[in-house]
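Lettering of chains follows the sequences in order, A, B, ..., and the numbering in each one begins at 1.
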Amino acid sequence: MPSEVTVFLPDGSTRSVPAGTTIADLAAQIGRRLAAAAVAAELDGVLVDLSEVLVDDARVRIITSDTDEGRDVLRHSTAHVLAQAVLRLWPGARYAIGPAIADGFYYDFDLPHGARFSDDDLARIESEMHAVIDESQPFVREEHTIAEGLEIFADQPYKREIIEGVAEAAVRIDDELAAEAGGNPGAVSTYRNGPGFIDLCRGPHVASTARLGHFKLTRVAGAYWRGDERRPQLQRVYGTAWESDKAVEAYLHRLAEAERRDHRRLGAELDLFSFPPELGSGLAVFHPKGGLVRKVMEDYSRSRHEQSGYQFVNTPHITKSGLFETSGHLQWFAEGMFPPMELDEGHQYYLKPMNCPFHILIYKSRQRSYRELPLRLFEFGTVYRYEKSGVIHGLTRVRGVTMDDAHIFCTRDQMATELQSLLGFVLDLLRDFGLDDFYLELSTMPEEKAVGTASEWEEATEALRQAALAMELELVLDPGGGAFYGPKISVQVRDAIGRTWQMSTIQVDFQMPQRFEMEYVGQDNARHQPIMIHRALFGSVERFFAVLLEHYAGALPTWLAAVQVRILPVRDDHTFYAQRVRSLLAAAGVRAEADDAGEPLGARIRRAKLEKLPYVLVVGDSDLAAGTVGVNARGSDEPERGVSTDLFVEKLRLEAAPPVGRGFGTAGTGAP
RNA sequence: GCCGGUGUGGCGCAGAUGGAAGCGCAGGCGACUUGUAAUCGUCAGGUCGUGGGUUCGAGUCCCACCACCGGCUCCA
């Protein structure tokens with residue numbers, strides 16, 4: 001055995017150290033600051049503890065606490081401390097899993113006698129965690145056989161279940177669970193903190209609990225074991241942990257920023273919409289300003305659809321049950337539907353959860369020729385879905401929802417080009433609304449709920465995949481995420497603060513045409529079955545509205561703003577001039593209003609700023625004399641005095657109008 | 001649907017241990033006529049989410065339901 005080993009560092013340098021040197025020793029040799037910040041390391045591509053002994057020729061990368069990887073280690077280690085604290089406070093508790101997640105960690109428990117955590121428990125647990133940290137307990141890694149593991153966790157059924165899962169060593173092990181247990185089939189690893197606590201874990205962990213401390217428990221929640229609602233519900237504690245108190249503060253600040261953008265809050269503050277409890281959960285009303293914004297969105301969408309070869313249809317909100325029997329909704333989607341109304345001597349009527357069967361009936365209202373295809377039918381169709389009470393959330397998850405829904409009926413040959421131009425159209429429209437950071441998600445056949453043959457699914461999935469690839473955007477797979485009747489592509493949008501939202505969906509469907517026995521007469525004079533593409537660009541108008549509000553933090557771009565310009569006269573005797581400017585703007589298609597001078601100017605300015613209006617004009621003596629306005633543009637601190645009224649009106653004529661639609665002509669291929 | 005929390009005038013909040021419902025903003029009215037983020041005064045507004053119960057007495061305690069918030073499951 002050599003007395004020295006040589007290791008390679010990430011910067012390409014090498015270092016020789018005495019045999020038996022640990023990574024922690026190496027970090028200390030390299031520098032005091034590195035040693036202080038180190039939490040774990042990567043040794044020949046494997047994440048390991050700092051206590052790992054270096055071997056000759058190893059490639060070593062030290063992971064510090066101020067990196068994403070380092071924070072994961074801190075969070076995972078903090079989760080162990082959380083578990084230990086809970087076991088001290090609730091003797092006999094069972095502990096399940098406790099991974100690091102984005103910005104934090106959680107741990108799931110099964111408390112004795114069915115006890116539940118309440119918010120008040122968080123402070124108690126936190127202080128017990130600090131006690132654990134103050135004890136400077138080392139994290140000690142141990143390797144065990146499956147049998148030993150089962151012995152160690154003899155009275156911990158959740159741990160045993162994880163170990164048994166590892167033992168089965170099937171390829172289909174849940175990644176998260178495998179990670180908990182150590183990863184290697186046939187063996188498990190544990191980490192021990194002092195005599196009182198041991199947990200099944202792959203690691204790596206910090207060397208000692210003393211290394212932790214910048215954390216905060218955030219909430220308690222119920223969570224199903226292994227994410228399965230048929231299994232027991234466990235008690236989950238969420239927390240956040242960082243490398244410093246300053247980083248914790250920054251995180252809390254980010255949460256506050258998201259809170260500031262919350263569309264539910266903005267909807268109330270800006271008088272856009274509300275959810276009257278009298279209506280029931282998940283049913284929104286749009287107030288005049290919200291209604292106006294929505295009208296602008298919808299009008300713009302209609303004009304783009306018109307240019308892209310869509311035809312407009314309208315269909316009712318309820319139907320007899322037969323339609324949904326034919327479509328398969330009652331078989332596959334019944335739990336998402338409101339219960340039926342019994343009318344007319346035993347006929348059952350349902351509120352519609354989807355528009356597609358109605359559009360199919362329009363297609364079937366007469367015989368169709370191949371010359372009519374692709375036939376594109378569009379509707380802002382309001383549908384009703386019986387969402388479970390716990391999932392309703394502002395405008396993003398409601399029970400009455402308006403889809404910008406269209407169904408395209410085309411031949412198999414037309415499918416590929418249609419999908420491609422459609423995706424281009426979608427992205428174009430989203431960009432017009434200022435959303436331009438996307439990726440695509442391809443959802444494939446669900447394991448349980450699906451109709452149709454494997455080859456049909458394969459063909460449809462492949463057509464979608466090709467269309468997606470042509471967009472040259474990031475494409476991620478969502479296995480099993482398709483609807484019961486077909487696979488889908490969804491456009492995921494990243495907003496101004498980096499959150500992602502599912503927006504548009506495009507689904508290929510061979511099933512409905514079969515179920516409804518749809519057909520067209522081909523050039524060969526024979527009957528053929530069309531295929532059907534379901535697509536919604538906004539997804540739902542309500543959700544799209546919410547996403548725009550959050551993306552812009554309520555400060556909608558001028559063309560979407562309900563009030564685009566407000567004109568404030570300095571004194572009463574400037575009111576006439578303010579009204580004249582207002583009518584000039586109105587004549588230019590600008591939504592402008594003028595108030596009166598009943599309050600001090602400062603108060604009126606303040607109110608207008610809080611309403612996030614794009615422009616606030618102030619007009620006084622000098623403006624009357626010179627034909628000018630004082631312009632306060634949203635977002636600029638300094639007003640601009642003496643701007644020519646005519647120039648301002650011309651500027652707003654352009655800015656207040658909807659975007660002309662960059663990419664017109666490329667998107668609307670195939671218009672009749 | 002499940003777990004935890006919340007529910008006081010339009011909005012934001014006070015109202016230890018049960019003992020006569022308050023504040024700020026918003027709103028009405030009056031005065032002020034104001035050049036860039038809150039003028040002054042005055043008035044009005046609440047069956048304390050709903051329904052039961054305990055009590056001499058309930059905004060305060062108990063039960064059920066409704067709605068909302070944070071999660072889980074689900075999802076546009």
Side-chain angles (χ1 to χ4, degrees), chain A residues 106 108 111 114 116-122 218-238 259 262 264-265 268-269 271 274-283 333 335-336 353-354 383 385-399 401-405 443 481 483 488 490-491 501-505 507 534 536-544 546-547 568-575 596-610 616-623 629-632 637-642:
Chain A
Y106 67 80
D108 287 345
L111 298 179
R116 318 275 186 219
F117 290 125
S118 78
D119 289 350
D120 298 335
D121 293 325
L122 291 181
T218 50
R219 58 180 63 100
V220 299
Y224 298 106
W225 169 232
R226 303 186 79 163
D228 186 340
E229 64 180 328
R230 290 164 302 195
R231 292 191 180 234
Q233 189 169 49
L234 306 175
Q235 291 287 299
R236 177 172 295 180
V237 177
Y238 280 97
E259 163 83 22
D262 191 313
R264 294 166 300 183
R265 175 198 183 105
E269 280 176 6
D271 195 16
S274 61
F275 295 90
E278 290 86 342
L279 297 186
S281 188
L283 298 167
F333 199 73
E335 65 186 32
M354 291 187 192
V383 299
R385 298 183 181 176
Y386 185 72
E387 300 289 352
K388 291 185 195 170
S389 61
V391 307
I392 286 164
H393 183 92
L395 287 177
T396 62
R397 196 75 184 276
V398 291
R399 285 180 170 164
V401 51
T402 305
M403 320 290 298
D404 59 329
D405 211 357
S443 302
K488 72 178 178 191
S490 55
V491 179
W501 304 85
Q502 177 173 325
M503 306 262 75
S504 320
T505 58
Q507 296 179 304
H534 307 241
L537 274 43
F538 291 156
S540 94
V541 178
E542 290 82 0
R543 161 180 277 179
F544 194 74
V547 172
L568 312 180
V570 173
R571 275 193 323 269
D572 274 348
D573 51 332
H574 304 129
T575 301
D596 55 43
E599 280 180 298
L601 185 62
R604 289 179 283 147
I605 292 273
R606 177 169 190 274
R607 196 185 340 264
K609 297 270 189 194
L610 290 176
V616 179
L617 304 185
V618 173
V619 294
D621 288 333
S622 60
D623 297 298
V629 292
V631 178
N632 297 269
D637 294 334
E638 282 297 303
E640 192 183 351
R641 295 279 299 271

Is there side-chain contact between Met403(A) and Phe538(A), with at least one heavy-atom pair below 4.5 Å?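 Side chain of Met403(A) against side chain of Phe538(A), heavy atoms only: no contact under 4.5 Å found.
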Using a 4.5 Å cut-off on heavy atoms from C-beta on, say whether the side chain of Val398(A) contacts that of Glu387(A).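 Counting from C-beta outward, Glu387(A) and Val398(A) never come under 4.5 Å.
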Span that lies between the P atom of rA38(B) and that of rA76(B), in whole angstrom: 47 Å
Integer angstrom distance from the C1' of rU60(B) to that of rA14(B):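 Approximately 14 Å lies between the C1' atom of rU60(B) and that of rA14(B).
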Would Arg236(A) count as a cation-pi partner of Tyr106(A), with NZ or CZ less than 6.0 Å from the six-membered ring centre and within 45° of the ring normal?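 Geometry flag: set, cation within 6.0 Å and 45°.
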Check whether Tyr224(A) forms a cation-pi arrangement with Arg230(A) (NZ or CZ under 6.0 Å from the six-membered ring centre, at most 45° off the ring normal).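 No cation-pi geometry.
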Mind checking which nucleotides bracket the chain A contacts on RNA chain B, 5' to 3', with an atom under 4.0 Å from a heavy atom?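 Terminal contacting nucleotides, 5' to 3': rG1(B) to rA76(B).
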Ion pair Asp119(A)/Arg219(A), N-O distance below 4.0 Å: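 Result for this pair is no, no salt bridge flagged.
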Are the charged groups of Arg264(A) and Glu259(A) less than 4.0 angstrom apart, N to O? no
Check step by step if salt bridge (Lys or Arg N to Asp or Glu O under 4.0 Å) holds for Arg116(A) and Asp121(A). CA-CA 9 Å; Arg116(A) 318 275 186 219; Asp121(A) 293 325; over 6 Å; no
Listed range with range, the stems formed with RNA chain B by at least 3 consecutive Watson-Crick or G-U pairs (under 3.5 Å) are B:1-7 with B:66-72, B:10-13 with B:22-25, B:27-31 with B:39-43, B:49-53 with B:61-65
Taking for each residue the nucleotide of RNA chain B with the nearest heavy atom, is it Val398(A) or Leu601(A) whose nucleotide lies nearer the 5' end? Leu601(A)
Just to be sure I understand the rule, does Gln233(A) reach a base, reach only the sugar-phosphate, or reach nothing, if contact means heavy atoms closer than 4.0 Å?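 Answer is base: heavy atoms of Gln233(A) come under 4.0 Å of a base.
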